[in-house]
Visitor: 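Okay, here's the structure, questions in a sec.
As a basis for the values below, the full set of heavy atoms in this structure was taken, side chains included, without hydrogen atoms, waters or symmetry mates. Please read these numbers as outputs of a predicted model, since none were measured by experiment.
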Amino acid sequence: MSRRGGAIHFPFGVPTSAPAEGPALPPSSKSRVQPERLRHRLDTLPGVGRVRAERLRALGLETIEDLLFYTPFRHEAPARLATVATLREGEETTLRVVVQSFAVRSARRRGLSVLEALIGDESASIPAVWYNQAYLADAFSEKPELLVRGALRRNRGSYSFRVTSHEILREDGREEGIHTVGLIPVYPATGDVSVRSLRTLLGAARVEAEHVVDPLPSRLVAGRRYPSRRDALLSAHFPRSLAEAAKSRERLAYEELLFLQVALLRHRREEEVRRPALALPPPGGITSAFMERLSFSPTSAQRRVMMEIDADLGLPTPMRRLLQGDVGSGKTVVAAYALLRAVETGGQGVVMVPTEVLADQHALRLGEQMLSLGVPTLLLKGSQPAAERREALRRIAGKEPLIVVGTQALIQEGVDLSSVRVVVIDEQHRFGVRQRAALMTPRPGLPWPHTLHMTATPIPRTLSLTLYGDLDVSVIDELPPGRTPVETRLIVTGRREQLWEFVRAKGGEGRQTYVVCPLVEESDSLQAASAVATYEELAAGPLRGLRLGLIHGQMKSEQKHEVMRAFERADYDVLVTTTVIEVGVDVPNATVMVIEDARRFGLSQLHQLRGRVARGTETGHCLVGADGCDEDALKRLDLFCRTTDGFELAEADLRARGEGQVFGERQSGWGDLKVARLLRDQRLLMDARDEARRMLASDPDLSDPCHVLLRDAAEERFGGSMDWLDHA
Ligand code: ADP
Ligand code: MG
């Protein structure tokens, strides 16, 4: 199984020339050139019944095609092929042997059976041991030929061969060796589906790759030195070298990302035609008055984003811009600017926020600013006196220029958004695709509003290309001047006295503190109970004498509002809280945050929380409780203490928790990528994006014969999942 030189061999022949170069298909027809067999369900494979098929489905595997694209995450190094006589103690070896005799006994440890056999080839014989595989006895009674992989071991002076994997060679001479010979693929498996059975399935399914057709133009395949699709599918699983496996996987990942980018770009173009928006005239008197009255001068990053927004608003297609900016970078003033652009042209602007606490705060702050400009602001939230709500709805429906701040209540029945020209979605990651869609989609016949999505979740640029597909991205990459990074410290169990001393001392200086309670999973009421308990404990003990407030998700909205107002007025020294204050809350005099049981939070979430005490020019302090941490948790928290770079923390989260976990279904509207991994394949993603752009620039409909297959493959793979993007 050794290879010479660095060249990569494709064991299944030279790359086939892509049929895409063949006779032109009419551009509109769907080319169903892939073998029909790929679409067949897995229970059409030998040995797969209904139960098996069901279990495989849990891994996302339904069709033969799914299976072929289920690439291994690594390969086990090949073992030396040897004869019994040349075995060396402890060395991984593969032997081709015959079963000469065998016996099954139960071991001293109950429940463990031992199958002992004498195996041999022409050179010699040796005892071999299998644990818990007594069922092999049937097959062994026929004295079959075997491939075994394992190592020679010595136990109390006698040698035996400890088998790690084996396969029984069949009379029909069909190719075998997938478990024992060469590089052995190792698949992500679950308790229900073993790695071995996946390997067996792929061994059986690989013939189906024989006739797959390459959808990539052959110039691209050649240019990137990729194997054909067929060869890539075969060698990704059963390669002759690790380099070959890597190149094959890369090709499949690239192909997938290219399909995605082609589908995204085509989707966007179609939509520009379908979706008219009002082109707004350049900034006028109200926005310039707003800018003049600001109590600070905007950073150049803020100014740049405002200009990007102006450019978008001037077009007759809806703005679809994602604004990323770390906590405290000053996204709100940009949002206010965009909203005012709607108002000064005679329309309405709405901003949707995820919590009532935040809605109250925005309504209050914006309200004050807008009042001096003569622009009315309204608040719309779930808990609101009926009369107030009716009045708000009436004025919104009345089409007068104004700004609405609201929660999800904005997207309920009866809210007439037909005069809305600019929509801002703050903390957009907290909303689902559907909620965002509901706010952005106008009634039939009306123009689409311009939309600004804001997030503090730092997502590497390449990832946002994929996650948000065709949104334009603006970044505020500069903090307002004078900010000093929050000082973050780990508090180990024995130091709690000093922790509360610190809070008292800061209280003495007139500073306020948040105490964030441990996260209790999946339950708002347990979460609230934990907050109440913490509050009582602190009030009776370590913080006795300070003025303590309490806020949690189970409190009535009015109560929460009252507590927040009181905290803002500095009526409390300490606010005991759950993560309700995670987003957006801005109380500059609160400069200390204690986070209990920090290990339970993701790093990005901790960073969001910490952002609450990074508001003013005063140095903020974040004290992180390290109780119950194992080594991994300590490492994560240590990183959190060392860096205030949100991107770095997000990447660490990604690595620790996996992409699916971090982005989740809510963020990426399509199912998981099969082969490509966003973090690992960032460079490929950029390449694919560039290629898709080039291709569409020269052949907008992809009707060129060498693009047709690609177009249809992209459409088939991702076309159906583009709808969510209309609202992403
Ligand atoms: P976020 O991006 O987290 O939403 P905010 O918009 O709430 O941040 O801004 C955080 C704080 O910084 C607010 O108190 C805001 O008034 C202030 N701020 C925003 N921009 C500037 C600036 N250019 N100079 C000084 N302070 C600013
Ligand atoms: Mg904010």
Visitor: Strictly distance-based, threshold 3.5 Å: is any side-chain N or O of Gln559 a donor or acceptor partner for the main-chain N or O of Lys556?
Guide: yes
Visitor: Main chain of Met319, side chain of His450: is a donor-acceptor contact present, judged purely on distance under 3.5 Å?
Guide: yes
Visitor: So does Gly382 get a backbone contact from the side chain of Glu356, meaning a donor-acceptor N/O pair under 3.5 Å?
Guide: yes
Visitor: Mind checking side chain to side chain donor-acceptor pair (under 3.5 Å) for Glu400 and listing every partner two or more places apart, or none if nothing turns up?
Guide: Arg395
Visitor: Taking His607 as the fixed residue, which of Thr644, Thr488, Asp326 is the one that meets the side-chain hydrogen bond (donor to acceptor under 3.5 Å, both in side chains) rule?
Guide: Asp326
Visitor: Give the minimum heavy-atom separation between Ala363 and Leu379, together with the two atoms involved.
Guide: CB-CD1, 3.8 Å
Visitor: State, yes or no, whether a side-chain contact exists between Thr317 and Arg275 at a heavy-atom distance under 4.5 Å.
Guide: no
Visitor: So how far is it from Leu410 CG to Leu417 CG, rounded to the nearest 0.5 Å?
Guide: 7.0 Å
Visitor: State, without any angle test, whether Gln512 and Asn589 hold a side-chain donor-acceptor pair at a distance under 3.5 Å.
Guide: yes
Visitor: To the nearest 0.5 Å, what is the distance between CG (Leu339) and CG (Leu452)?
Guide: 8.5 Å
Visitor: In sequence, state the C-alpha distance, the side-chain angles, and the governing distance for Tyr572 and Val563, and then conclude on side-chain contact (heavy atoms from CB on, under 4.5 Å).
Guide: CA-CA 9 Å; Tyr572 296 124; Val563 175; 4.0 Å; yes
Visitor: Taking side chain as C-beta onward, heavy atoms only, is Leu378 less than 4.5 Å from Ile403?
Guide: no
Visitor: Could you give me the CA-CA distance, side-chain angles and deciding distance for Arg389 and Leu380, then say whether side-chain contact (heavy atoms from CB on, under 4.5 Å) is met?
Guide: CA-CA 7 Å; Arg389 178 182 164 82; Leu380 202 64; 4.1 Å; yes
Visitor: Any heavy-atom pair between the side chains of Pro401 and Val375 that's under 4.5 Å?
Guide: no
Visitor: Looking at every heavy atom in both Gln302 and Pro298, which two are closest together, and how far apart are they?
Guide: OE1-CA, 3.2 Å
Visitor: Ignoring hydrogens and geometry beyond distance, is a side-chain donor-acceptor pair present between Thr287 and Arg341 at under 3.5 Å?
Guide: no
Visitor: Is any NZ, NE, NH1 or NH2 atom of the basic residue among Asp571 and Arg547 found under 4.0 Å from an Asp or Glu carboxylate oxygen of the other?
Guide: no
Visitor: So that I can tick it off, tell me whether Arg266 and Asp701 are bridged by a salt bridge, with the cut-off set at under 4.0 angstrom between side-chain N and carboxylate O.
Guide: no
Visitor: Looking only at heavy atoms, what is the nearest atom pair of Gly553 and Thr578, with distance?
Guide: N-OG1, 3.9 Å
Visitor: Is there side-chain contact between Arg321 and Ile309, with at least one heavy-atom pair below 4.5 Å?
Guide: yes
Visitor: What is the distance from atom CE of Met454 to atom CD of Gln428, rounded to the nearest 0.5 Å?
Guide: 10.5 Å
Visitor: Taking Ser530's backbone N and O only, do any of them form a donor-acceptor pair with Thr534's side chain (distance below 3.5 Å, no angle check)?
Guide: yes
Visitor: How close do Thr299 and Pro480 get, counting heavy atoms only, and between which atoms?
Guide: CG2-CA, 3.7 Å
Visitor: Do the non-hydrogen side-chain atoms of Asp426 and Leu358 ever get within less than 4.5 Å of each other?
Guide: yes
Visitor: Do the non-hydrogen side-chain atoms of Thr513 and Leu575 ever get within less than 4.5 Å of each other?
Guide: no
Visitor: Roughly how far, to the nearest 0.5 Å, is CD of Glu368 from CG of Leu373?
Guide: 12.5 Å
Visitor: Measure from the side-chain N and O atoms of Asp360 to the backbone N and O of Glu558, and report whether any donor-acceptor pair falls under 3.5 Å.
Guide: no
Visitor: Do the side chains of Thr407 and Met352 get nearer than 4.5 Å, heavy atoms only?
Guide: no
Visitor: Compare all side-chain heavy atoms of Met291 with those of Tyr337 and state whether any distance is below 4.5 angstrom.
Guide: yes
Visitor: Verify, without hydrogens or angle tests, whether Glu596 (side chain) and Val516 (backbone) share a donor-acceptor contact under 3.5 angstrom.
Guide: no
Visitor: Looking only at heavy atoms, which two atoms of Ile595 and Phe601 are closest? And how far apart?
Guide: CG2-CE1, 3.7 Å
Visitor: Between the main-chain N or O of Ser474 and the side-chain N or O of Glu308, is there a donor-acceptor pair closer than 3.5 Å?
Guide: no
Visitor: Please report the C-alpha distance between Val592 and Leu623 in whole Å, then the side-chain angles of each, then the deciding distance to 0.1 Å, and finally whether the side-chain contact (heavy atoms from CB on, under 4.5 Å) criterion is met.
Guide: CA-CA 8 Å; Val592 182; Leu623 307 165; 4.3 Å; yes
Visitor: Holding to side chain to side chain donor-acceptor pair (under 3.5 Å), I want the full list of residues that pass it with Glu478, two or more places apart in sequence or in another chain.
Guide: Ser300
Visitor: Please report the interatomic distance SG(Cys622) to CZ(Phe640), rounded to the nearest 0.5 Å.
Guide: 4.5 Å
Visitor: Please answer whether the main-chain N or O of Gly620 pairs with a side-chain N or O of Arg511 as donor and acceptor at a distance below 3.5 Å.
Guide: no
Visitor: Look at Glu391 together with Arg394 and state whether they make a salt bridge at an N to O cut-off of under 4.0 Å.
Guide: yes
Visitor: Is a donor on one side and an acceptor on the other found under 3.5 Å between the side chain of Gln348 and the backbone of Ile396?
Guide: yes
Visitor: Do you know which two heavy atoms are closest between Pro318 and Ala277, and how far apart they sit?
Guide: N-CB, 3.4 Å
Visitor: Could you walk me through whether Arg565 and Lys560 pass the side-chain contact (heavy atoms from CB on, under 4.5 Å) test, one step at a time?
Guide: CA-CA 9 Å; Arg565 292 301 313 276; Lys560 278 191 271 193; over 6 Å; no
Visitor: Could you tell me the separation between the OG1 atom of Thr455 and the CD atom of Gln608, rounded to the nearest 0.5 Å?
Guide: 7.0 Å
Visitor: Do NZ/NE/NH1/NH2 and the carboxylate oxygens of Arg365 and Glu568 come within less than 4.0 Å?
Guide: yes
Visitor: Judged by atom type as modelled, is there a donor-acceptor pair below 3.5 Å linking the side chain of Arg293 to the main-chain atoms of Ser372?
Guide: yes
